[in-house]
Enquirer: 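I have a structure I would like to understand better, so I am pasting it below and will then ask my questions one at a time.
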Amino acid sequence: QVFSISGNRPIQGSLGLWDITSLRGETFSLKLKVFDKAGNVKCDTTSFSFDNLLEIVHLSTDKSLFSPNGDGVFDEVEIYYEIDEYATVDTKVFKLVKAEDGSYGLDSVPVRTIVSGLQNLGGMENASWDGRDDSDTVVPDGLYGMAVFATDSCGNTKLRWTAVEVDNTPPQTIITYPRPPDPIGNIVEVRGIADDPNFQSYLLEAGQGDQPDTWFLISSNTTPVKEDILGTWNNSGLDGACTLRLTATDEVGNKNTTTV
């Protein structure tokens, strides 16, 4: 594709205007050829490329579910991103909003600005979020988008985000049977609830007395239970008061215990 500007007088400064809207390709050359009245010719050539695209070539987090409750377990999430050129980067966290078609998008206002105006020289970078908003308050449970905004030296922009979930709610643990003053036999089907959206496991135990020093395992499972049998308790040989203990744990270490 050839484009030309010509003139018949000396000039210093702008030689002409070039409409590059329809150009296709990455690398181009310009050649300036000057003639004098004696037929002497002088040429100068330069090559250049257009930068009209900015890519965030990689974006990921070290976990998709975390629990920023200060217990030292899954308290933070790390985001990793890679940009293939120099860019100014902002990293922000938004509440995710569900659309009518079931898809999710970023809310209009961020809950947290993690990094602003970072000068990225190209390559892999990372940032961490502790689950707090800009007022240093732990955000409510739910889905959030960790977003990377990049702007290169030519003004090209790019946004990519990835979803993470905050879960600070412990599992539900309820023993519905037996409860005082329910009569019981030597073999008891203990019933109740051990449930959580991110359920991991539960333990059902028994001990003698109102505050047992020793606990004996009745059952354990990695499947949640909703108003059903938690385990079968054989209490043969036990005498006096007994206590049942139900403990459930979710995938990010939230734990709840109930006793009867």
Side-chain angles (χ1 to χ4, degrees), residues 1 3 13-32 44-68 74-99 101-140 142-167 252:
Q1 187 174 3
F3 167 81
S14 176
L15 299 175
L17 296 177
W18 181 19
D19 184 357
I20 63 173
T21 305
S22 61
L23 286 184
R24 296 293 181 267
E26 295 183 354
T27 304
F28 302 89
S29 296
L30 280 176
K31 182 170 69 173
L32 175 63
D44 189 23
T45 302
T46 184
S47 296
F48 61 94
S49 61
F50 291 118
D51 181 5
N52 56 11
L53 182 65
L54 173 63
E55 287 293 339
I56 301 173
V57 296
H58 173 80
L59 183 71
S60 65
T61 56
D62 65 341
K63 58 182 74 73
S64 59
L65 177 69
F66 75 118
S67 176
F74 298 103
D75 279 336
E76 294 186 347
V77 60
E78 200 86 9
I79 186 170
Y80 302 91
Y81 60 90
E82 183 178 0
I83 302 172
D84 58 4
E85 61 178 289
Y86 173 86
T88 302
V89 176
D90 295 343
T91 305
K92 301 180 180 183
V93 181
F94 296 79
K95 181 73 175 176
L96 288 186
V97 179
K98 191 173 184 179
D101 62 1
S103 63
Y104 285 88
L106 302 178
D107 201 359
S108 58
V109 179
V111 298
R112 176 73 178 273
T113 298
I114 301 172
V115 173
S116 180
L118 176 69
Q119 303 302 304
N120 182 288
L121 301 180
M124 186 73 76
E125 289 283 355
N126 67 286
S128 62
W129 180 40
D130 59 4
R132 295 178 177 271
D133 61 20
D134 282 328
S135 65
D136 202 33
T137 301
V138 176
V139 299
L143 291 173
Y144 294 83
M146 297 188 70
V148 174
F149 298 80
T151 304
D152 69 12
S153 55
C154 291
N156 301 306
T157 60
K158 185 69 175 182
L159 161 64
R160 284 188 66 182
W161 62 270
T162 186
V164 295
E165 183 180 356
V166 173
D167 178 10
V252 286

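Heads up: numbering here begins at 1 and tracks the sequence.
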Enquirer: If you look only at distance, which donor and acceptor atoms sit under 3.5 Å apart when one is on a side chain in residues 159-167 and the other is two or more places apart or in another chain?
Expert:
residue, atom, partner, partner atom, Å
Arg160, NH1, Ile56, O, 2.7
Asp167, OD1, Thr169, N, 3.1
Asp167, OD2, Asn198, ND2, 3.0

Enquirer: Both conditions, 6.0 Å and 45 degrees, for the charged tip of Lys158 above the ring of Phe149: are they met here?
Expert: no

Enquirer: Between Asp107 and Leu96, is there a side-chain heavy-atom distance shorter than 4.5 Å?
Expert: no

Enquirer: Between Gly122 and Asn120, which heavy-atom pair has the shortest distance, and what is it?
Expert: N-OD1, 2.7 Å

Enquirer: For Thr46, which residues count as a side chain to side chain donor-acceptor pair (under 3.5 Å) partner, sequence neighbours excluded?
Expert: none

Enquirer: Determine yes or no for a side-chain-to-main-chain donor-acceptor pair under 3.5 angstrom, with Lys98 supplying the side chain and Gly105 the backbone.
Expert: no

Enquirer: Going through the distances and angles, do Tyr80 and Met124 end up as a side chain to side chain contact (heavy atoms under 4.5 Å, CB included)?
Expert: CA-CA 7 Å; Tyr80 302 91; Met124 186 73 76; 4.2 Å; yes

Enquirer: Among residues at least two apart in sequence or on other chains, which ones pass salt bridge (charged side-chain N to carboxylate O under 4.0 Å, His left out) with Asp130?
Expert: Arg112

Enquirer: Once side chain to side chain donor-acceptor pair (under 3.5 Å) is applied, do any residues pair with Ser67, and if so which ones, sequence neighbours excluded?
Expert: Asn69, Asn168, Asn254

Enquirer: Applying side chain to side chain donor-acceptor pair (under 3.5 Å), name anything that partners Thr157, two or more places apart in sequence or on another chain.
Expert: none

Enquirer: State, to 0.1 Å, how close Ala150 and Leu54 come at their nearest heavy-atom pair, and which atoms those are.
Expert: O-CD2, 3.3 Å

Enquirer: Quick check: closest heavy atoms across Met146 and Val93, and the distance to 0.1 Å?
Expert: CG-CG2, 4.3 Å

Enquirer: Step by step, work out the side chain to side chain contact (heavy atoms under 4.5 Å, CB included) result for Glu76 and Trp129.
Expert: CA-CA 6 Å; Glu76 294 186 347; Trp129 180 40; over 6 Å; no

Enquirer: Side chain of Asp62, backbone of Glu78: donor and acceptor closer than 3.5 Å?
Expert: yes

Enquirer: To the nearest 0.5 Å, what is the distance between OH on Tyr144 and CG on Leu106?
Expert: 13.0 Å

Enquirer: On a heavy-atom basis, which atom in Lys95 and which in Gly142 lie closest, and how many Å separate them?
Expert: NZ-CA, 3.8 Å

Enquirer: Where do Ser116 and Thr113 come nearest, in terms of heavy atoms and distance?
Expert: CB-CG2, 4.1 Å

Enquirer: Is there a donor-acceptor pair closer than 3.5 Å between any side-chain N or O of Asp84 and the backbone N or O of Gly123?
Expert: no

Enquirer: With Tyr81, which residues qualify under ring-ring contact (aromatic ring centres under 6.0 Å, His included), at least two apart?
Expert: none

Enquirer: Between Val115 and Val89, is any pair of side-chain heavy atoms under 4.5 Å apart?
Expert: no

